[in-house]
Trainee: 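Pasting in a structure now, in structure tokens, and then I'll have a few things to ask.
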Amino acid sequence: QLRVVESGGGLVQAGGSLSLSCAASGRNFVIWAIGWFRQAPGAEREFVAVSRRDGGGPLYADSAKGRFTISRDNAKNTVSLQMNSLTPEDTAIYYCAASPADYALERSRSYGYWGQGTQVTVSS
């Protein structure tokens, strides 16, 4: 069993930055891929980035490349998402989730454990 909790959302002006954190409780954190997804009002949940398990490198959605950075601290059981150059289009609820998989990590169905989400609002 694994529990993940997001923190760090808030309101920021366009062009600004925010850092989100995902804290996981449970054993063997290193074996879990930790992904970030977001869902804007009226839209489907979409993949943002993932820190792959067992030392695998990160993957990013095209919308996140060059602006967002995902990092992982296995000693603290946390994964962070640094978001820079934010635009109003980044406004959404951001969720972190855990998956034991090595592939299809852009798909929400690959994840079995989800947090409650944290709101990110970017004003123009």
Side-chain angles (χ1 to χ4, degrees):
Q1 190 75 12
L2 192 75
R3 182 170 178 258
V4 293
V5 179
E6 308 91 342
S7 62
L11 173 65
V12 65
Q13 289 188 331
S17 299
L18 275 177
S19 182
L20 306 183
S21 182
C22 177
S25 61
R27 301 174 64 181
N28 297 325
F29 178 72
V30 68
I31 71 170
W32 296 92
I34 303 296
W36 285 96
F37 289 76
R38 67 186 183 185
Q39 189 166 19
E44 293 186 354
R45 191 169 297 188
E46 66 173 2
F47 169 75
V48 176
V50 62
S51 173
R52 288 181 285 187
R53 70 190 195 98
D54 287 336
L59 294 173
Y60 295 96
D62 287 343
S63 60
K65 289 178 182 176
R67 300 190 302 130
F68 295 2
T69 302
I70 191 168
S71 59
R72 184 181 188 119
D73 187 336
N74 287 328
K76 295 182 179 179
N77 283 16
T78 59
V79 171
S80 297
L81 184 69
Q82 176 66 39
M83 306 186 294
N84 300 325
S85 302
L86 288 162
T87 73
E89 288 69 37
D90 295 312
T91 295
I93 298 174
Y94 283 69
Y95 299 88
C96 74
S99 169
D102 292 317
Y103 56 90
L105 291 171
E106 297 88 350
R107 298 182 180 181
S108 59
R109 68 181 67 179
S110 297
Y111 297 78
Y113 300 96
W114 291 83
Q116 292 300 306
T118 186
Q119 177 70 48
V120 171
T121 302
V122 184
S123 63
S124 58

Trainee: So which heavy atom on G26 is nearest to which on N77, and how close?
Mentor: O-ND2, 3.6 Å

Trainee: Out of curiosity, C22 SG to L81 CG, how far, rounded to the nearest 0.5 Å?
Mentor: 10.0 Å

Trainee: Quick one: closest heavy-atom pair of R38 and D90, and the distance?
Mentor: NH1-OD1, 2.8 Å

Trainee: If two hydrophobic side chains count as joined below 4.5 Å and joins carry through other members, does M83 share a cluster with V122?
Mentor: yes

Trainee: Determine the minimum heavy-atom distance between S17 and S85, stating which atoms define it.
Mentor: OG-N, 4.4 Å

Trainee: Run the side chain to side chain donor-acceptor pair (under 3.5 Å) test against S99 and tell me which residues pass, sequence neighbours left out.
Mentor: none

Trainee: Verify the ring-centre separation between Y111 and F37: is it less than 6.0 angstrom?
Mentor: yes

Trainee: Please say yes or no: joined through hydrophobic side-chain contacts below 4.5 Å, possibly via intermediate residues, are V48 and Y113 part of one cluster?
Mentor: yes

Trainee: If you measure from CZ on F29 to OG1 on T78, what distance do you get to the nearest 0.5 Å?
Mentor: 6.5 Å

Trainee: Is it true that a side-chain atom of S110 and a backbone atom of A104 form a donor plus acceptor pair closer than 3.5 Å?
Mentor: yes

Trainee: To check you understand the geometry: which heavy-atom pair defines the closest contact between P88 and S123, and what is its length?
Mentor: CG-C, 4.4 Å

Trainee: Test of understanding: clusters of I, L, V, M, F, W, Y form through side-chain heavy atoms closer than 4.5 Å, transitively. Do W32 and L105 belong to the same one?
Mentor: no

Trainee: For the rings on F47 and W36, is their centre-to-centre separation under 6.0 Å?
Mentor: no

Trainee: Taking R72 for its side chain and S51 for its backbone only, find out whether a donor-acceptor pair lies under 3.5 Å.
Mentor: yes

Trainee: Could you check R52 against D102 for salt bridge (charged side-chain N to carboxylate O under 4.0 Å, His left out), going step by step and ending with a plain yes or no?
Mentor: CA-CA 7 Å; R52 288 181 285 187; D102 292 317; over 6 Å; no

Trainee: Does the Y94 side chain pair with the main chain of Q39, one donor and one acceptor, at a distance under 3.5 Å?
Mentor: no

Trainee: Could you check if a side-chain atom of E106 sits within less than 4.5 angstrom of a side-chain atom of V50, using non-hydrogen atoms only?
Mentor: no

Trainee: Flag yes if F68 and I93 sit in one hydrophobic cluster, no otherwise; membership is Ile, Leu, Val, Met, Phe, Trp, Tyr, and two members link when side-chain heavy atoms are under 4.5 Å apart.
Mentor: no

Trainee: Going by atom type alone, with no hydrogens or angles, which donor-acceptor pairs under 3.5 Å involve a side-chain atom of residues 4-11 and a protein atom two or more places apart or on another chain?
Mentor:
residue: E6; atom: OE1; partner: Q116; partner atom: N; Å: 3.1
residue: E6; atom: OE1; partner: G117; partner atom: N; Å: 2.9
residue: E6; atom: OE2; partner: C96; partner atom: N; Å: 2.9
residue: E6; atom: OE2; partner: G117; partner atom: N; Å: 3.2

Trainee: Does any N or O in the side chain of R3 come within less than 3.5 Å of the main-chain N or O of S25, such that one atom is a donor and the other an acceptor?
Mentor: no

Trainee: Looking at L20, D73, I34, which hits side chain to side chain contact (heavy atoms under 4.5 Å, CB included) with V79?
Mentor: I34

Trainee: Could you see if L18 belongs to whatever hydrophobic cluster contains I70? Use Ile, Leu, Val, Met, Phe, Trp, Tyr and a side-chain cutoff under 4.5 Å.
Mentor: yes

Trainee: Are R45 and W114 in a cation-pi setup, meaning NZ or CZ lies under 6.0 angstrom from the ring centre and within 45 degrees of the ring axis?
Mentor: yes

